[in-house]
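Since the structure comes first, as structure tokens, the remarks are kept for the end.
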Amino acid sequence: MPQPTNLIDSWLHVATAGDKHPKSEALAQLNRDLGTKYRPNRLYEWRAGTYPVPPHVQAYMLHAALSWIIQEEGGRVPEGDAEFTDRVLQRMLPPPRAK
């Protein structure tokens, strides 16, 4: 698989263990974790850029893929620091929308 070029492809790479597991399993896990019912066609629309990725899905995908992306770009992720991704994402994402 060529190097992922966007968040959706990076998340898919991590969620499918480099294509060792089906994309349908990754999408099913996303739906379970987020309480959503996205269908495979939505995933492909997100990949193609023809439909916007909701902010909560972006945050979910970033959380899953961030450590891998940092390492792929030559960075170092602290070992044994389970909260690393949470801290970094909190600084990268806007605050939750006030209702």
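Here the structure is a predicted model, which means the values were calculated and not measured.
Rounding to the nearest 0.5 angstrom, the gap separating the CD atom in Gln90 from the CD atom in Glu83 is 11.5 Å. Rounded to the nearest 0.5 Å, atoms OG (Ser24) and CG (Leu43) are 10.5 Å apart.
In this structure the side chain of Leu62 never reaches within 4.5 angstrom of the side chain of Trp11, judged on heavy atoms. Two residues are said to be in side-chain contact when any heavy atoms from C-beta on lie closer than 4.5 Å; Val57 and Trp46 meet this criterion. Using a 4.5 Å heavy-atom threshold, the side chains of Thr36 and His56 count as touching. Contact annotation: the side chain of Leu66 approaches that of Val88 to within less than 4.5 Å [non-hydrogen atoms, C-beta and beyond]. Side-chain contact between Met61 and Leu30: present, with at least one pair of heavy atoms (C-beta onward) separated by less than 4.5 Å. Side-chain contact between Leu27 and Pro40: present, with at least one pair of heavy atoms (C-beta onward) separated by less than 4.5 Å. Residues Glu45 and Tyr38 have side chains not in contact (no heavy-atom distance under 4.5 Å, counting atoms from C-beta outward).
Counting all heavy atoms, side chain and backbone alike, Val53 lies closest to Gln58 at O-NE2, 2.8 Å. The two residues Ala64 and Val14 have their closest heavy-atom pair at O-CG1, 3.5 Å. Between Ala15 and Ala26, the closest heavy-atom pair is CB-CB, 3.6 Å. Considering every non-hydrogen atom in both Ser67 and Thr85, the closest pair reads OG-OG1, 3.2 Å. In terms of heavy atoms, Arg47 sits closest to Asp9 at NE-OD1, 2.8 Å.
With hydrogens and angles disregarded, no donor-acceptor distance shorter than 3.5 Å links the side chain of Gln71 to the backbone of Val77.
Placement of Met92 and Ile69 in two distinct hydrophobic clusters is found when ILVMFWY residues are connected by side-chain heavy-atom separations under 4.5 Å, directly or transitively. No continuous path of ILVMFWY side-chain contacts below 4.5 Å connects Tyr60 to Tyr44, so the two sit in separate hydrophobic clusters.
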Legend entry - Gln29 and Asp33: CA distance, side-chain angles, deciding distance, side-chain hydrogen bond (donor to acceptor under 3.5 Å, both in side chains) verdict: CA-CA 6 Å; Gln29 185 64 51; Asp33 290 347; 2.7 Å; yes
Inset, instruction - Carefully, step by step, assess Leu12 and Asp19 under the rule side chain to side chain contact (heavy atoms under 4.5 Å, CB included). - result: CA-CA 8 Å; Leu12 278 170; Asp19 278 338; over 6 Å; no
Inset, instruction - With side chain to side chain contact (heavy atoms under 4.5 Å, CB included) as the test, would you mind laying out the steps for Phe84 and Leu89 before giving the verdict? - result: CA-CA 9 Å; Phe84 171 78; Leu89 284 179; over 6 Å; no
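The local environment of CZ in Arg87 is crowded, with over 12 non-hydrogen atoms from other residues, nucleotides or ligands closer than 6.0 Å.
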